[in-house]
S.K.: 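Here it is, the structure in full.
The shown structure was predicted, so the numbers you read here are calculated from the model rather than taken from an experiment.
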Amino acid sequence: MPELPEVETIRRGLAPVLTGARLARVTARRPDLRFPLPHRFAERMTGVRIEALDRRAKYLLARLDQGETFVAHLGMSGRFEIADAGGSNGAGRFARAVAPDPRHAHVVFETEAGARVTFYDPRRFGYMALVPTAALGEHPWFRGLGPEPLGPGFDGELLECALAGRRAPIKTALLDQRLVAGLGNIYVCEALHRARLAPDRAAGSIPRRRLARLAQAIKSVLEEAIEAGGSTLRDYASAEGGLGYFQHSFAVYGRAGEPCLRRGCGGAIRRSVQSGRSTFACDRCQA
DNA sequence: CCCACGACCTGTGGGC
DNA sequence: TGCCCACAGGTCGTGG
């Protein structure tokens with residue numbers, strides 16, 4: 001599920017339950033996800049207090065009171081579910097497209113206040129770590145990570161520097177987390193369509209004026225998706241982190257063969273493959 | 001260094 | 001209905 005907006009939505013959903021909470025019990029129901037869980041993971045997590053929940057790129061960060069930061073990446077299919085002290089969650093009160101399969105409940109966090117947060121991940125591409133907070137920036141997952149697209153200073157000039165000399169297609173370049181952090185396949189396709197840029201253009205050859213428009217498109221699509229995720233949160237009372245309502249707002253992603261939604265364009269969305277991944281774009285209004 | 005590709009793992013949806 | 005293939009929102013290691 002998760003690109004930057006989904007991880008941010010999950011963070012906002014978990015924050016009320018976990019910020020300031022002390023963990024009474026942590027259960028790892030298997031020894032590994034994509035990578036082995038940290039050494040003595042459950043023991044090291046038990047009794048800690050979570051001082052703050054943050055996000056960097058697609059990573060969820062829980063700053064702990066003992067000097068370490070818990071890091072989680074949700075891979076392709078990871079999700080967190082919140083249950084309150086009574087054990088109920090959104091599923092009992094609201095319709096849900098896909099109920100979590102208990103076979104894939106890999107890690108359970110229980111707070112002293114009686115809340116339970118469960119990590120589900122059928123494909124197990126997700127991963128977790130405990131990293132000394134002071135050295136977080138030097139960790140391989142974070143060293144070399146590009147700028148936050150919603151951070152200060154993200155504009156056409158910054159993109160121009162990041163993309164200088166790149167011959168890779170702009171679509172592929174934007175997926176490179178070293179250049180920009182947090183974008184994934186969906187929002188790259190959506191941002192390129194908003195900016196009217198063709199996905200196969202060489203990244204390093206796009207003039208700054210158009211990169212300014214691209215930077216603005218990236219910001220607006222991410223902000224709108226987070227906003228839509230917020231409405232999902234309100235409805236589900238959970239940190240499910242699915243695509244929420246924003247999936248109904250995709251202009252190109254998953255719309256192969258359908259008409260381009262840009263006013264007056266009249267083109268059709270075409271699916272292609274770049275670096276082994278689906279790209280959706282309108283050949284008529286993206287150039 | 002840059003880039004493309006296969007691998008990792010399970011589930012789902014479409015076509016026959 | 002059942003089977004088989006293609007494909008899925010991410011990242012890493014390899015090899016050209």
S.K.: Partners of A/F280 by ring pair (Phe, Tyr, Trp, His ring centres under 6.0 Å), sequence neighbours excluded?
M.R.: A/Y253
S.K.: Return the orientation label for the A/F80 and A/F109 ring planes: parallel under 30°, perpendicular over 60°, tilted otherwise.
M.R.: tilted
S.K.: Where do N or O atoms of nucleotides 5-8 of chain C meet protein N or O atoms at under 3.5 Å, pair by pair?
M.R.:
residue: C/dA8; atom: OP1; partner: A/S278; partner atom: OG; Å: 2.4
residue: C/dA8; atom: OP2; partner: A/S278; partner atom: OG; Å: 3.4
residue: C/dA8; atom: N3; partner: A/R123; partner atom: NH1; Å: 3.1

S.K.: Could you check whether A/R12 pairs with A/E8 (Lys NZ or Arg NE/NH1/NH2 to Asp/Glu carboxylate O, under 4.0 Å)?
M.R.: yes
S.K.: Would you please test A/H104 and A/Y120 for ring-ring contact (aromatic ring centres under 6.0 Å, His included) and show each step?
M.R.: CA-CA 5 Å; A/H104 302 307; A/Y120 296 86; 8.5 Å; no
S.K.: Under 4.0 Å from OP1 or OP2 of B/dC2: is there any side-chain N or O of A/R167 that close?
M.R.: no
S.K.: Check this one for me: any side-chain N or O of A/Q177 less than 4.0 Å away from OP1 or OP2 of C/dG10?
M.R.: no
S.K.: A quick test of your reading: do over 12 heavy atoms of other residues, nucleotides or ligands sit less than 6.0 Å from CZ of A/R22?
M.R.: yes
S.K.: Just the rounded figure in Å: distance from P of C/dG10 to OH of A/Y187.
M.R.: 10 Å
S.K.: Roughly, in whole Å, what's the span from OH in A/Y120 to P in B/dG11?
M.R.: 15 Å
S.K.: Please determine whether the number of non-hydrogen atoms from other residues, nucleotides or ligands lying under 6.0 Å from atom NE2 of A/H248 exceeds 12.
M.R.: yes
S.K.: Quickly work out the A/K171 NZ to C/dG10 C1' distance and round it to whole Å.
M.R.: 12 Å
S.K.: For the hydrophobic clusters of this structure (ILVMFWY residues joined by side-chain heavy atoms under 4.5 Å, transitively), does one cluster hold both A/L61 and A/L23?
M.R.: no
S.K.: Can you measure A/L179 atom CG to B/dC2 atom P for me and round it to whole angstrom units?
M.R.: 9 Å
S.K.: Give one of base, sugar-phosphate or nothing for A/S77, where a contact means two heavy atoms less than 4.0 Å apart.
M.R.: nothing
S.K.: Using atom CG of A/D101 as one end and atom P of B/dC9 as the other, report the distance to the nearest whole Å.
M.R.: 18 Å
S.K.: Between A/L130 and A/E68, what is the shortest heavy-atom contact and its length?
M.R.: CB-OE2, 4.1 Å
S.K.: Kindly determine whether A/T19 and A/I50 satisfy side-chain contact (heavy atoms from CB on, under 4.5 Å), including the steps that lead there.
M.R.: CA-CA 6 Å; A/T19 303; A/I50 297 171; 5.5 Å; no
S.K.: For nucleotides B/dC9 and C/dC3, find the distance between their P atoms and express it as a whole number of Å.
M.R.: 25 Å
S.K.: Return the CG to CD distance between A/L159 and A/Q216, rounded to the nearest 0.5 Å.
M.R.: 11.5 Å
S.K.: Measure CZ/A/R79 against P/B/dG11 and give the value in whole Å, please.
M.R.: 13 Å
S.K.: Under 5.5 Å between ring centres and under 30° between planes: does that hold for A/F125 against the base of B/dC8?
M.R.: yes
S.K.: Can you tell me how far C1' of B/dC3 sits from CG of A/D200, to the nearest Å?
M.R.: 16 Å
S.K.: With no hydrogens and no angle check, is any side-chain donor or acceptor of A/R255 less than 3.5 Å from a backbone partner on A/P259?
M.R.: yes
S.K.: Looking at DNA chain C, which of residues 189-197 of chain A put a heavy atom within less than 4.0 Å of it?
M.R.: none
S.K.: Between the protein and nucleotides 12-16 of chain C, which nitrogen or oxygen pairs come in under 3.5 angstrom?
M.R.:
residue: C/dC12; atom: O4'; partner: A/R34; partner atom: NH2; Å: 2.8

S.K.: Just the dot-bracket of DNA chain B, please: which string comes out with Watson-Crick or G-U pairs under 3.5 Å, [ ] for crossing, | for another strand?
M.R.: .|||||||.|||||||
S.K.: Grab the CZ-P distance between A/R103 and B/dC9 for me, whole Å please.
M.R.: 16 Å
S.K.: Given the P atoms of B/dG11 and C/dC12, what is the spacing between them in whole Å?
M.R.: 24 Å
S.K.: Under a 4.0 Å threshold between the charged nitrogen and the carboxylate oxygen, would A/D121 count as salt-bridged to A/R34?
M.R.: no
S.K.: Looking at every non-hydrogen atom in both residues, tell me the closest pair between A/L158 and A/P147 and how far apart they are.
M.R.: CD2-CG, 3.5 Å
S.K.: Any salt bridge between A/E3 and A/K58, counting N to O under 4.0 Å?
M.R.: no
S.K.: Tell me which of A/H104 and A/R178 sits closer to the 5' end of DNA chain B, going by the nucleotide each one is nearest to.
M.R.: A/R178
S.K.: Distance check, P atoms only: B/dT12 and C/dT11, in whole angstrom units.
M.R.: 23 Å
S.K.: Is it true that a side-chain atom of A/Q177 and a backbone atom of A/L183 form a donor plus acceptor pair closer than 3.5 Å?
M.R.: yes
S.K.: Is it the case that over 12 heavy atoms from other parts of the model lie below 6.0 angstrom from the CZ atom of A/R30?
M.R.: yes
S.K.: Find every protein N or O atom lying less than 3.5 Å from an N or O atom of nucleotides 13-15 of chain B, and list the pairs.
M.R.:
none

S.K.: Can you classify the ring geometry of A/W141 versus A/Y59 as parallel (below 30°), tilted (30 to 60°) or perpendicular (above 60°)?
M.R.: parallel
